[in-house]
Amino acid sequence: MSLGNIEYRRVGEDGGGWKGTFNDVIDAINHLSHLKESYHLDLSSVIVIGHSAGAHLALWLASRAEAKSDQMFNKLLVPIKKVISLAGVTDLKKMWEFHEEKGMKSHVSALMGGSPHEVAERYKVVSPIELLPIKIDHILIHGVLDRHVPIELSKDYYFKATEQGSNVRLIVLPDVEHFKIIDPTSTAWDSVIDTIRSSRTL
């Protein structure tokens with residue numbers, strides 16, 4: 001099994017945000033085709049895993065596998081077998097509303113270049129819940145105690161996805177908060193590793 005970490009331009013960096021960040025993750029996956037021979041990569045079994053905002057991008061990538069040819073984003077050339085979302089932002093509009101209710105500066109509006117009211121069409125083409133059904137197998141793992149990304153986002157996404165025929169699983173971790181899910185010393189991380197291992201055998 002080969003592991004790799006995708007980096008992308010963040011909000012505030014030159015070219016980051018709309019649309020640079022989105023094209024960066026597509027280009028990173030496509031770059032695997034250039035590494036295939038040198039590193040003996042099996043591109044038929046690519047699994048994308050993301051945490052929080054990274055999970056949003058991972059789920060969005062899955063939707064691009066079935067995207068019609070458009071000029072908005074770069075074309076995804078490498079197939080994705082499965083996506084694992086860790087405490088993922090599955091609904092950008094609800095995440096923005098959550099920030100508004102808390103009186104917080106919204107990272108979502110910074111990424112999107114505006115609120116859902118100002119740039120509604122952008123939210124429709126990159127918010128995972130708006131892109132259902134997604135045919136690629138995907139798994140949502142979320143902690144009940146998450147105060148950064150409410151678990152309701154994953155639950156609402158899961159119910160809508162199953163209603164629309166997506167192949168999706170939801171794993172709820174009790175007594176786990178936002179960052180515990182990616183802490184390699186935690187029992188929550190054991191659940192993530194088990195999910196990755198089982199995904200490779202499916």
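- Between M112 and V126, some side-chain heavy-atom pair lies under the 4.5 Å cut-off.
- Atom-to-atom distance recorded for N74:CG and D27:CG is 4.5 Å, nearest 0.5 angstrom.
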Problem - Candidate pair L61 and V83, rule side-chain contact (heavy atoms from CB on, under 4.5 Å), full reasoning - result: CA-CA 9 Å; L61 272 173; V83 169; 5.8 Å; no
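- For the pair H56/L111, a side-chain contact is recorded, criterion being any heavy-atom separation below 4.5 Å from C-beta on.
- Between V119 and G113 the shortest heavy-atom distance is CG1-O, 4.1 Å.
- Hydrophobic clustering places I193 together with I49 (ILVMFWY residues linked when any side-chain heavy atoms are closer than 4.5 Å, directly or through intermediates).
- The hydrophobic clustering, which links ILVMFWY residues whose side-chain heavy atoms are closer than 4.5 Å, places V46 and Y39 together.
- Expressed to the nearest 0.5 Å, how far CG of L170 lies from CG of D156 amounts to 10.5 Å.
- Interatomic distance, R10 CZ to T21 OG1, rounded to the nearest 0.5 Å: 8.0 Å.
- With values rounded to the nearest 0.5 angstrom, S85 atom OG is found 8.0 Å from I181 atom CD1.
- The neighbour count for E7 CD, taken as heavy atoms of other residues, nucleotides or ligands under 6.0 Å away, is above 12.
- Looking at D183 and W189, their side chains never come closer than 4.5 Å, going by heavy atoms from C-beta outward.
- Within the 4.5 Å cutoff, no side-chain heavy atoms of D175 are placed close to those of V144.
- Here the closest non-hydrogen pair linking D91 and L153 is O-CD2, 3.8 Å.
- By the 4.5 Å heavy-atom criterion applied to side chains, K19 and F73 are counted as neighbours.
- A salt bridge between K160 and E163 is absent, with no side-chain N of the basic residue lying under 4.0 Å from a carboxylate O of the acidic one.
- Between H99 and S106 the shortest heavy-atom distance is ND1-OG, 3.1 Å.
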Exercise for the section: Under the side-chain contact (heavy atoms from CB on, under 4.5 Å) rule, what do I26 and W60 come out as? Steps first, then yes or no, please. Expected result: CA-CA 10 Å; I26 290 177; W60 174 74; 3.5 Å; yes
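- Inter-residue side-chain proximity for T90 and L59 is flagged as met; some heavy-atom pair is nearer than 4.5 Å.
- Within the 6.0 Å centre-distance limit, the rings of Y157 and H138 are counted as a close aromatic pair.
- Taking the six-membered ring for Trp and thresholds of 30 and 60 degrees, H178 and H51 have ring planes inclined between 30 and 60 degrees apart.
- Within 6.0 Å of the NZ atom in K93, the count of heavy atoms belonging to other residues, nucleotides or ligands does not exceed 12.
- Side chain of S127 to main chain of K124: no donor-acceptor pair is present (N/O by atom type, distance under 3.5 Å, no hydrogens or angles).
- Of all non-hydrogen atoms in S154 and G88, the two that sit nearest each other are OG-O, 4.2 Å.
- In this structure, V149 and M95 have side chains that are in contact, with non-hydrogen atoms separated by less than 4.5 Å.
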Handout entry: Worked verdict on V108 versus F98 for side-chain contact (heavy atoms from CB on, under 4.5 Å)
Key = CA-CA 10 Å; V108 175; F98 175 77; over 6 Å; no
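- Counting heavy atoms from C-beta outward, S33 and L77 have side chains that stay 4.5 Å or more apart.
- Contact record, R9 with D14: CD-O, 3.2 Å, taken as the closest heavy-atom pair.
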Problem - Steps toward side-chain contact (heavy atoms from CB on, under 4.5 Å) verdict (D146, V176) - result: CA-CA 7 Å; D146 196 323; V176 172; over 6 Å; no
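- Residue P116 comes nearest to W96 through the heavy atom pair CD-CD2, 3.3 Å, listed as atom of the first residue, atom of the second, then distance.
- Note: L43 CG to K36 NZ = 5.5 Å, rounded to the nearest 0.5 Å.
- Using a 30° and 60° split on the angle between ring planes, F22 and W18 fall in the perpendicular class, above 60°.
- If you take CZ on F159 and CD on Q164, they are separated by 14.5 Å, rounding to the nearest 0.5 Å.
- Atom NE2 of H107 has 12 or fewer neighbouring heavy atoms from other residues, nucleotides or ligands inside a 6.0 Å radius.
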